[in-house]
Amino acid sequence: MEMDSAGEQRKLQLSELEEIINTAYESSRIYKEKTKAFHDNMIFRKQFTVGQKVFLFDTRLRLFPGKLRSCWKGPYVITNIFSHGAVEIQDLTSGNGFKVNGHRLKPYYENFVPENVEVVQLVDVLPLDE
């Protein structure tokens, strides 16, 4: 066994291994870009205006939360909107104002009246006496 040919063979194997690693890295990068683009397409941007009423998601830890207790507090009124996604809101009852992340808010629909409501009458079916 010659040392020169063995050295050349080892260099060839190392270069092939490096090529495989680079291909895997590139494939992983492409997959992550596609996944991020898909995720970003599924995110709905919330548009708020100053003076709009909103609900605030309450993230406080509760040991006994209660099954039917709502996590949404409010309504609050938006007083200021910042460019980086923060929103300043004010409590209607106490008048306290504070900043929150816009992702924690959802619109409050006042005097919501459902339209085109269809009423279906349910009739009890009596069993036949046989």
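For this chain, numbers begin at 1 and follow the sequence in order.
Leu17 belongs to a hydrophobic cluster with Ile21, counting contacts under 4.5 Å between side-chain heavy atoms of Ile, Leu, Val, Met, Phe, Trp and Tyr, direct or through other members.
Residues Gln90 and Gly95 share a closest heavy-atom pair of NE2-O, 3.2 Å.
For Phe48, there are no ring pair (Phe, Tyr, Trp, His ring centres under 6.0 Å) partners two or more places apart in sequence or in a different chain. For Lys32, there are no salt bridge (Lys or Arg N to Asp or Glu O under 4.0 Å) partners two or more places apart in sequence or in a different chain.
Applying the 6.0 Å contact sphere to CD of Glu18 captures no more than 12 heavy atoms from other residues, nucleotides or ligands. Heavy-atom neighbours of Asp40 CG from other residues, nucleotides or ligands within 6.0 Å: above the threshold of 12.
Evaluation of the ring-ring contact (aromatic ring centres under 6.0 Å, His included) test over residues 5-40, restricted to residues two or more places apart or in two chains, returns none. Sorted by first and then second residue, the ring-ring contact (aromatic ring centres under 6.0 Å, His included) pairs involving residues 77-99 (not counting sequence neighbours) are Tyr76-Phe98, Phe82-His84. Screening residues 91-105 for side-chain hydrogen bond (donor to acceptor under 3.5 Å, both in side chains), with sequence neighbours left out, gives Asp91-Thr93, Asp91-Ser94, Ser94-Asn96.
Here the CD1-OG distance, from Ile20 to Ser15, works out to 9.5 Å after rounding to the nearest 0.5 Å. Rounding to the nearest 0.5 angstrom, the gap separating the NZ atom in Lys106 from the NZ atom in Lys46 is 8.5 Å. Rounding to the nearest 0.5 Å places CG of Leu92 at 5.5 Å from NZ of Lys53. In this structure, the separation between CD on Glu8 and CD on Gln13 is 12.0 Å, given to the nearest 0.5 Å. Here the straight-line distance linking atom OG1 of Thr49 with atom CD1 of Ile81 works out to 6.5 Å at 0.5 Å rounding.
Taking hydrophobic clusters as Ile, Leu, Val, Met, Phe, Trp and Tyr residues chained together by side-chain heavy-atom distances below 4.5 Å, Phe57 does not share a cluster with Val54.
Not one N or O on the side chain of Ser28 forms a donor-acceptor pair closer than 3.5 Å with the backbone of Ala24.
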Residues Thr79, Val50; criterion side-chain contact (heavy atoms from CB on, under 4.5 Å); working and verdict: CA-CA 5 Å; Thr79 56; Val50 174; 5.6 Å; no

side-chain contact (heavy atoms from CB on, under 4.5 Å) evaluation trace for Val87 with Leu105: CA-CA 9 Å; Val87 178; Leu105 301 176; 3.8 Å; yes

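Using a 4.0 Å cut-off between charged nitrogen and carboxylate oxygen, Arg29 and Glu26 count as a salt-bridge pair.
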